Every structure is written in C-alpha cells, then in structure tokens.
4 protein chains.
Amino acid sequence: MPAPDPARRSQESWRAILDAAFAILDEEGYQAVTMSRIAARAGVGRQTLYRWWPSKAAVVFEAFLDKVTTGPFPEEGASFPERLRAHVHGFLALYVDGSGGHRLRELIGAAQTDPELARALSEQWFEPRRAPVRKALLDAQRTGDVRADVDPDTALDLVFAPLHYRLLVSGEPVDAAYVDTVVDLCLAALAP
Amino acid sequence: MPAPDPARRSQESWRAILDAAFAILDEEGYQAVTMSRIAARAGVGRQTLYRWWPSKAAVVFEAFLDKVTTGPFPEEGASFPERLRAHVHGFLALYVDGSGGHRLRELIGAAQTDPELARALSEQWFEPRRAPVRKALLDAQRTGDVRADVDPDTALDLVFAPLHYRLLVSGEPVDAAYVDTVVDLCLAALAP
Amino acid sequence: MPAPDPARRSQESWRAILDAAFAILDEEGYQAVTMSRIAARAGVGRQTLYRWWPSKAAVVFEAFLDKVTTGPFPEEGASFPERLRAHVHGFLALYVDGSGGHRLRELIGAAQTDPELARALSEQWFEPRRAPVRKALLDAQRTGDVRADVDPDTALDLVFAPLHYRLLVSGEPVDAAYVDTVVDLCLAALAP
Amino acid sequence: MPAPDPARRSQESWRAILDAAFAILDEEGYQAVTMSRIAARAGVGRQTLYRWWPSKAAVVFEAFLDKVTTGPFPEEGASFPERLRAHVHGFLALYVDGSGGHRLRELIGAAQTDPELARALSEQWFEPRRAPVRKALLDAQRTGDVRADVDPDTALDLVFAPLHYRLLVSGEPVDAAYVDTVVDLCLAALAP
DNA sequence: CCGTAAGCGAGACGGTACGTCCCGTCTTGAG
DNA sequence: CTCAAGACGGGACGTACCGTCTCGCTTACGG
C-alpha cells in the first residue's frame, strides 16, 4: 500500500470531488454524505476517493476547508477589545448563516468518534484562527491592557468556548447580544 | 400499530438491555454499539429494542443516564464560589475517569446529527445539573455576592463552556488547575 | 456462521430468485449474471442470495435445474438400441433449441474452475440421466443383447461423450445425423 | 488507432509476459491469473499486455501453447491401432501430470463463454493434433484396415471424446486402463 | 547525427461486482 | 400472547480488476 504519487493526481477529479462533497453536505447534511454519492455526483470512480482520502470524514473536511473560511483577525487600527469582538462576531455569522458554515457543527460531532478528524479540525481549522488572537492577546498583555498573569490559551477558551458550547451542547440560541455579553464579561475578567 | 402497553413491559429485558448497551459503550465506544449487539448481549430479541426505543442513540442515552451521574450540587454550608468550584470539579472527574462518563463526549457528538438526542441530552442531562447552580447563582445575586446585571444562563455558560470546549473541540487536556483558573476568572468577571 | 434454518426460508423470494437467475442466464448468458442483477430483478436483498447460496454458480445451477429437464429414459416397449437412440436425441434437442438448455455448456465451463459446481453438475444433472440408461444397459448385457465384458460406465461414456465433445471442445456442429452415426458405431462396438 | 507495429515489439517483454502468465496459471490456476498480476510478475506495464493481446484468455492461451505440447503422432513403423493408442496415451499423460497440461481443462472452461478463445483452441490446439491422426485414419481406410463408410471426423471423435468427457464433465478418474478400453472399443466399432 | 515518433514501465482514471455489515420491518415457533 | 430468534429488502462499505488514459523515458529510424 504505497502512498500514491500526488503529482499525478487529476486536478479535475480533485475539484469535482470537493465540490460534490460540499454540495451534498450543504444541501442535506453530514449523514446524507456517502462515498458513493460523492463519487456519483462528481462523475468519478469510487476508488479515486479511497485512493486519496482514508474516510468520508476526511473528504468532507477537506471540502469544508476548501469552501468555508472566516475573515482574518482584524490586524490593526483598533484596540484589542474591539478587534476581539469583531472576530467573534465573524464566527457567529459563519455558524448561523446558510452558506455551509453551520455544518461545522456536524463535523465536530463526527470528530468525537474519529480521532483523525479531531486532530485535523484542531490543527487546520481552530488553531489557525486562534493563533492571531493569541498573538494580539500577548501584545495586549505586554502593553498592560490585559492582565499578564493568565495563560493566554485559557483566556482564549473563555471567549470562544461559550459560543461553541451553545452550538454543540446546550442548544440555546446564539445571537449578537449573547456574544457581546460574553466578550464584555471576559474583558472584565481579564482587566488588569 | 397501537403503541405498546408499557405496563406489560418486561422488567428483566429492560434491565438487561440497559446493562448490555452501557457495557458495550463503556468497553468499546459508541461506534461499536449496534442494535444487534445490544440485543445479542442482552439475550433479547431485536424487536424488543425497537419496540421501546426509537434508535440506538435513545437506548444508549438511557443506559448512560441509568449508570452515570454527578454528585448533587453542594446545597449548604459553604459560599457560592466554593460550591461552584466543587461542582465543576465533579464534572471534571466524571469526564476524565474511566467509569463511562467520558463516553458522554461521543453522545454529544452523535447529537450533532440527531435532534432528538440533542433535546434529550439538554433536558435530561444538562438542565438538571444547571438548575441548582442557577438557583444558587440567583441567590448570590440577590445577596449581592455576584453582580446582578448579568443573565444567569450566560453566567453559567461562562463557567461550564470552557470544560466542554476542551473536551469536544480543542482536544487540549483538562485538569484541576485549568478548571480552577476558569472558575477564578469567571468569579472575577461576575464580581459586583 | 451457523447454517440458516431452511424451514424459515421465504418461498416467494426463493421462487423469484430462481426465476430471475434463469431469465438473465437465458436472455444474456452466464457472464451477464451477477448476484446484484439477480437480486434486483427478483426484488430481493442481496444478502438473501448470500444467505442461501455460496456463489453465483450455485444459484444459477439451481435455477437451471428448476427450469430445464430432459424427458425420462424411455422405459418400455422398445429394444435397448431404440431407447438409447431416443434418449440421446433428447439431449441433442435440449442443447440445440433455444429454451435455456444450451446454457448448460456455460455451466460446464464454469465448473472447470469451481469444484463445487462440478460436483453438483455431476451428481444432480448427469448421474440422474445416466442411471436409467445404465440400468437398461445392464439388462441388455444380461439378456445377451450387448456384450457383457465391458464396464457399463465406459460404454455409456462412449455414447454420451461425442455429443458433449462437439459442444464443449471441437465446436463442430451437432445434428441428428451425427448422433445417429455415433449411436450406430457404439452399438457396433458393443455388439456381442 | 493504428495497429501497433510488431517489428518494434520488445522481445524481452513478450517472453517475460508468456513466462509470467504460464507461471501463475500453473501455480494457482486460471482464476488466479489477472492482467495486473501478469504485468507485475513480468515487470511490464499493463498497457503492453492490452497492446498485443485482446484479453487475459488470449495471453494465457498463447503462454500455454508456448510451454505445453504433445509428442507428434507416431509417424511410421507400426500399425494404425498401435499408433492411435500411443497417441491417446500421450494426451492422457499431458492431462494428468503436473506440468501445466492439466490447466487446459480450465482453458476449455473459459472458452465456453469466450468464442474467440474457443476458436483459437480449436484451430491451434485440437486441429493440429487431429490432423495427422485423420490422415493416418484415411490411409487405414484406403488399405482396408478400417471400414471406409465412416466419416473420419466422427471416428476421431469416438476416440478422443471419452477422455475429454471424463475430464470436463463426469469427473470420473481417467487412467491408462480406461483409455485402452476406449481404444479397443473404437477399433471394434471401426473394424471392417 | 539529431529530432521525432513509437514502444515501454508505471500507475491514476471511471467503472462494476464482490462479499460483509448493519439498518428497521416482518414472521415464526416455543413457552 | 409474549418474545427470542432470525429472515427479509435495502444500502454503504472497502477491495479487486477491468480496460483506457496519460505521463516521462529510451530507443531506433529517417530527414
């Protein structure tokens, strides 16, 4: 089972597969996605999927990454609290609107029984979005705008966790007022 | 097809099914549980499962509820912060030790594509555990120990979300120091 | 893998499967038969085929046996040579006409790489047709109409082999004149 | 798509393919032979097989012809009956020993659903072996050693068919005594 | 003597059949 | 009359080959 040579990979098939996988995910949800349906919709042999991805979860996640993104962390021109608030609102918009971002919830669900997907989600989705916030937070700690005796990752959790908690666990609705309140409380907790 | 008569339900089968379902869940994880395996292990016909539960998720969740619990919220004899901290440590212990509580993570995962399970989890697992905390929080707000201008459910989220966030999303380890820090920060945010 | 209980077998499915298998065999040939097509045409789950038959060859052969037969060996009222000749003409008719008997050739072909099918063909198709001829031959040997110093099975081979040889091996056409000649020569060889 | 130029054909590949195809056939049987395995074992691209042969059956049969042969029909120095008997014993030896000749049975089997292979077998394997016998038989008819009123091909069938019948159809063992008996009976039938 | 066209090894491609597993429903026979 | 046992139609899974295709490479012929 030598790994196939990525250089010989068909770009057309690759694209068609990601498009098909995302389309089914977006239209009918994660449960409705199957390897067979992806292949059929992409006009591709089933073996081509198995050649390049180990599982349905891997294809769907790559398709998700390919189509969905958040805006970058606002880099300059505003205070840390304002930038943080804007970034969190970006997450909220993604999860709530209808363009596929809300399916992340189902991917996180699948990751609970799929360690490989869990790792991919963590490394390729969450960490890239936390990194710039962490960096800005460290700057803010250095300038004294935020108390310096708190582990930055814990502080980030404090902000990001409630949004995901409502999405995944409590089922309570999430809206702008909620995230604003959460951000306010966190900033209060992190005040020097 | 009239609904079956619960009065005639076989108590032995019920017990055997819950035991079998939990045993498979505990030993091999949620994916390994199938209706067939539960029935076989319980020495029960498969139809008996379908008669009383609509899905594997429902059986497994009932089995989970039957076996797993947290201690009650500490009712008296301590300040609100101390009672809150103790309660959160109880959750941590449940999720981390090996007696089946950690499988809740997989149930929450399954709930992402199963609204019925999501509702059951919310109503039968989370809300009963939040209710006494909410009540104590309201008392604390009334006595002025906690600021009164914050929605109690949002405040609860602030405390409970980070623990679940790490479990479900970030994959970072959770330990006593982490939850202590989180509780400290939340109390700071909620200080009058 | 305990053998399933034949008493619980669905008669409707059984019939539908044999009908479907034979229909595909007859219409399109042995190569065109697949387990999937049989199941689809019979309106049956694929697992039902695998439950009762170990292979496509087994289903198709049972379907063949179910639909195709030769007339019985002419029992009385004629001399042994005449009865033998009539019987061999029956085989010829079966193999040459269009009602499915000609597909036996493909079954024998498949049996060359399928010992189980080879055994089934031998025991359930050929031997039942040889047995009455052998019995009549032994009678003829006893009455002195046929020389008694020849092994009956070898004598039967002498008659039946050329027909099958042309069908399977040489590809030469087979007709009534050919089998008549063969029967004549065999009778000459077997004359006392 | 112009036919490829045989002059540029790689002799090394050709040889390696025939060797590989026969080796797999001999060691594991016809079913185990696949185009992929031949190519891999020969160290050859799969396209090279498809360039020069239309099917697995064609490669394998050419490999068989390349490796397996019968002795020539004994030309002189003995009576027709003795030469015939010797020749038939040669076939028996081929089919029974372990040097690959017994795989002819599987090739004949495959030919039942492959007209092209059937034709090739007939023209390139059987007819070359029947021709000298037919010629000798005609001589014997001319000299009066064999009755002249029998079609030579039918007479040949009489001798060759029983051996192949046992191999392909009845599964009964074939040995020297059997073929001797058959030859004796045929000679009796053909006696003037 | 050099380009160019063919054959070549390699292997990805769109397909199809396989045999297994599980789903949720329906049927049967023993207690 | 219940209920364990399990057959049923259905469908996804992952594997094995099929026959076609596209890559670079090497090789030998013809301008």
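For clarity, every value in this text was computed on a predicted model and none was experimentally measured.
Rounded to an integer number of Å, the gap from A/Q11 CD to F/dC23 P is 12 Å. Atom CD1 of C/I17 and atom C1' of F/dG9 are 11 Å apart (whole Å). Taking atom CZ of residue D/R15 and atom P of nucleotide E/dG7, one finds them 20 Å apart after rounding to whole Å. We find that CD1 of A/I38 is positioned 16 Å from C1' of F/dG11, with the value rounded to whole Å. Rounded to whole Å, atom P of F/dC23 lies 13 Å from atom CG of A/D5. Separating the CH2 atom of A/W52 from the C1' atom of F/dG14 is a distance of 18 Å, rounded to the nearest angstrom. As rounded to whole Å, 15 Å separates atom P of F/dA4 from atom OH of B/Y50. The CD atom of C/E12 sits 16 Å away from the P atom of F/dA7 (whole-angstrom rounding).
Atoms NZ and CD, on D/K56 and D/Q31 in that order, are 6.0 Å from each other to the nearest 0.5 Å.
Each of C/T48 and A/S55 has a nearest nucleotide on DNA chain F; the 5'-most of these lies closest to C/T48. Mapping C/A32 and B/R37 onto DNA chain E by nearest heavy atom places C/A32 closer to the 5' end of the strand. Comparing B/P54 and C/R8, the nucleotide of DNA chain E nearest to each residue sits closer to the 5' end for B/P54.
Nearest nucleotide to the A/R46 side chain, out of E/dC22, F/dT15, E/dT27: F/dT15. Taking only side-chain atoms of D/V44, from C-beta outward, the nucleotide of E/dG9, F/dG10, F/dG14 with the closest atom is E/dG9.
A donor and an acceptor atom never sit less than 3.5 Å apart when one is taken from the side chain of C/Q47 and the other from the base of F/dC8. For a distance-only test at 3.5 Å, the side chain of D/R51 fails to qualify as a donor-acceptor partner of the base of E/dG7.
Under 4.0 angstrom from either OP1 or OP2 of F/dA7 there lies no side-chain N or O belonging to C/S10. The phosphate of F/dG9 (OP1 or OP2) has a side-chain N or O of C/S13 nearer than 4.0 angstrom. Look at B/S36 and you'll find a side-chain N or O under 4.0 angstrom from OP1 or OP2 of E/dC23.
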Next item on the list: Test C/R15 against C/D66 for salt bridge (charged side-chain N to carboxylate O under 4.0 Å, His left out), laying out the working first.
Entry: CA-CA 10 Å; C/R15 180 101 319 270; C/D66 179 66; 3.1 Å; yes

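The backbone N or O of B/A110 lies less than 3.5 Å from no partner atom in the side chain of A/Q112, so there is not a single donor-acceptor pair.
Between B/F22 and B/F64, the angle of the ring planes lies from 30° to 60°, which puts this pair in the tilted group.
None of B/I24, B/L107, B/L117, B/L18 except one satisfies the side chain to side chain contact (heavy atoms under 4.5 Å, CB included) rule with B/V60; the exception is B/L107.
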